[in-house]
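Below is one structure; the comments refer to it alone.
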Amino acid sequence: MQDDNGTSFFGALWNGLVWFVQNIAEAFYNFGYAITHPQLWLNWSDKEAIMRFVYYGGSVEFFFVVFTLLLVLTAIGLYHRNFMWGMVRGLEGFANTTGRFFAWAGLLMVVQQIVIVFIQRVFARPDMSFGLGIPFSMDISWFSEELKLYNAMVVCLCCTYTFVQGSHVRVDLIYSGVSHRAKRVIDMCGAVLFMMPMAVVIWMYGWYFLWRHLIVPKPSASDTLDRLVMKARALRWNVETIGFSPNGFNGYFLFKILLVAFAGMVFLQAVAFFYRSWLEFREGPSSENKYLDKDTLGEGEEAYEGAH
């Protein structure tokens, strides 16, 4: 019995390793085929192309294409350190630019709330209209519920920006007391063991959660490509436009899009954080925060920044 168990264990381990290597090898073919045949998944006038896009967006094949691309870029970066620094600067720049832009949604949310209060309490109007020529007119409750969309934009699209700025709340039990190289090892482990898996899981659930509210028949994560292509015969767009109240905000599918965007940006930031940690580990304390684009209140405000 022990020999059988041992054989089955090592056999399963070997089969898993073979499956892993095969998927990495096939990733080169899958990526090349997708690039050279974009009409098969980007021509959305074809219902089968939509279903292929839905399938591959949350598929094992797509995961291994991203994973293999990450391995290739990492290998190049290990050989050419400046290339890796360039990827770090590019990914952190993307996070900063996106976050700084969508942070203005917080101001827009405040201004809109003030307008809602004035329209409701001062002018006693049940609706609001905006626009030139053809006005956009909706019930007050629609605009009130829309405020949650601005808040979701800040949370989902400014998360990685806040991470780059070092502004997330942290509980430090041992980190501050260890050496520079130990900190970098902790950072690399955190990126690989926590940030990346969490982002992948959210993407997998969020991807199908999004598409189940955009099209019918509703796709499932357990559906094979052939089954989804068969479902394409009955495919039609059915974008969710149901609000929580009769005249409330009805664009809740936008929240699902933000969820997927959040997962993708967190994964990219995990890659950037891993690369930065590795480079700072190799180059020593002098490279800490190298090329880091952090916000500042301006010259002469350092004391104020440190106190807040």
Side-chain angles (χ1 to χ4, degrees), residues 1-37 41 51-81 83-84 87 91 173-175 178-179 181-209 211 219-230 260 263-264 266-282:
M1 180 64 72
Q2 291 180 352
D3 292 340
D4 292 341
N5 290 337
T7 302
S8 62
F9 171 77
F10 286 109
L13 187 63
W14 173 254
N15 291 335
L17 181 61
V18 171
W19 173 84
F20 184 77
V21 174
Q22 283 180 341
N23 276 281
I24 291 178
E26 291 174 0
F28 293 97
Y29 171 79
N30 291 334
F31 178 75
Y33 192 83
I35 293 299
T36 55
H37 298 78
W41 53 284
M51 280 303 192
R52 289 192 189 96
F53 185 85
V54 172
Y55 171 79
Y56 284 114
S59 65
V60 174
E61 291 88 346
F62 178 66
F63 171 82
F64 275 98
V65 165
V66 174
F67 180 75
T68 304
L69 178 62
L70 183 59
L71 289 180
V72 172
L73 293 176
T74 303
I76 297 173
L78 292 175
Y79 187 75
H80 296 287
R81 204 174 296 171
F83 176 76
M84 187 175 284
M87 288 191 289
L91 291 172
L173 300 178
I174 61 172
Y175 188 83
V178 299
S179 65
R181 294 172 69 87
K183 288 179 181 178
R184 302 292 83 80
V185 171
I186 293 173
D187 291 340
M188 286 187 284
C189 291
V192 172
L193 299 178
F194 295 101
M195 287 183 70
M196 289 183 183
M198 181 273 294
V200 170
V201 170
I202 294 177
W203 176 281
M204 292 296 293
Y205 280 93
W207 181 259
Y208 287 100
F209 183 57
W211 282 100
S220 172
S222 61
D223 286 339
T224 63
L225 177 59
D226 292 338
R227 180 172 176 79
L228 286 177
V229 170
M230 288 180 61
V260 173
V266 169
F267 184 86
L268 292 177
Q269 183 54 42
V271 173
F273 190 55
F274 177 83
Y275 287 166
R276 170 174 287 282
S277 301
W278 167 256
L279 290 166
E280 292 182 359
F281 177 85
R282 288 294 305 275

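- The environment of CE in M198 is crowded: more than 12 heavy-atom neighbours from other residues, nucleotides or ligands sit within 6.0 Å.
- Side-chain atoms of V178 and V185, non-hydrogen and from C-beta on, never get closer than 4.5 Å to each other.
- Between L225 and Y56 there is a side-chain heavy-atom pair separated by less than 4.5 Å.
- Nearest heavy atoms, G77 versus M84: C-CE, 3.6 Å.
- Considering only heavy atoms from C-beta on, V66 comes within 4.5 Å of F267 through its side chain.
- Looking at Y29, W19, F28 one by one, the single match for ring-ring contact (aromatic ring centres under 6.0 Å, His included) with F64 turns out to be W19.
- Checked by atom type and distance alone, the side chain of R184 never pairs as donor or acceptor with a backbone atom of S277 at under 3.5 Å.
- Taking the side chain as every heavy atom from C-beta outward, N23 and F63 never approach each other to under 4.5 Å.
- Heavy-atom minimum distance, V54 versus Y208: O-OH, 4.0 Å.
- W203 places no side-chain N or O within donor-acceptor distance of the main-chain N or O of G58, the cut-off being under 3.5 Å.
- The six-membered or imidazole ring of Y55 lies away from that of F62, with a centre-to-centre distance of 6.0 Å or more.
- Close placement of the F53 and W207 rings is indicated, their centers lying within 6.0 Å of each other.
- Minimum interatomic distance between A191 and P197 (heavy atoms only, all atoms of both residues): O-CD, 4.5 Å.
- Using modelled atom types, one side-chain atom of T36 and one backbone atom of Y33 make a donor-acceptor pair closer than 3.5 Å.
- Nearest heavy-atom pair across L228 and M51 is O-CG, 3.2 Å.
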List the steps, then state whether side-chain contact (heavy atoms from CB on, under 4.5 Å) holds for D187 with Y175. CA-CA 10 Å; D187 291 340; Y175 188 83; 2.8 Å; yes
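- How far CG of L268 is from CG of L70: 10.0 Å, rounded to the nearest 0.5 Å.
- Side-chain atoms of L69 and F31, non-hydrogen and from C-beta on, never get closer than 4.5 Å to each other.
- When all heavy atoms of E61 and N30 are compared, the pair lying nearest together is CG-ND2, 3.9 Å.
- Shown here is R81, whose CZ atom has more than 12 heavy atoms of other residues, nucleotides or ligands within 6.0 Å.
- Heavy-atom contacts from other residues, nucleotides or ligands closer than 6.0 Å to CG of L13 number more than 12.
- You'll find the side chain of F273 stays beyond 4.5 Å of the side chain of L91, heavy atoms only.
- Counting heavy atoms from C-beta outward, V271 and M196 have side chains that approach closer than 4.5 Å.
- Atom CZ of F194 has 12 or fewer heavy atoms from other residues, nucleotides or ligands within 6.0 Å.
- Taking the six-membered ring where tryptophan is involved, the planes of F20 and F67 are perpendicular, since the angle between them exceeds 60° and thus also 30°.
- The distance from atom CG of L78 to atom OH of Y275, rounded to the nearest 0.5 Å, is 8.0 Å.
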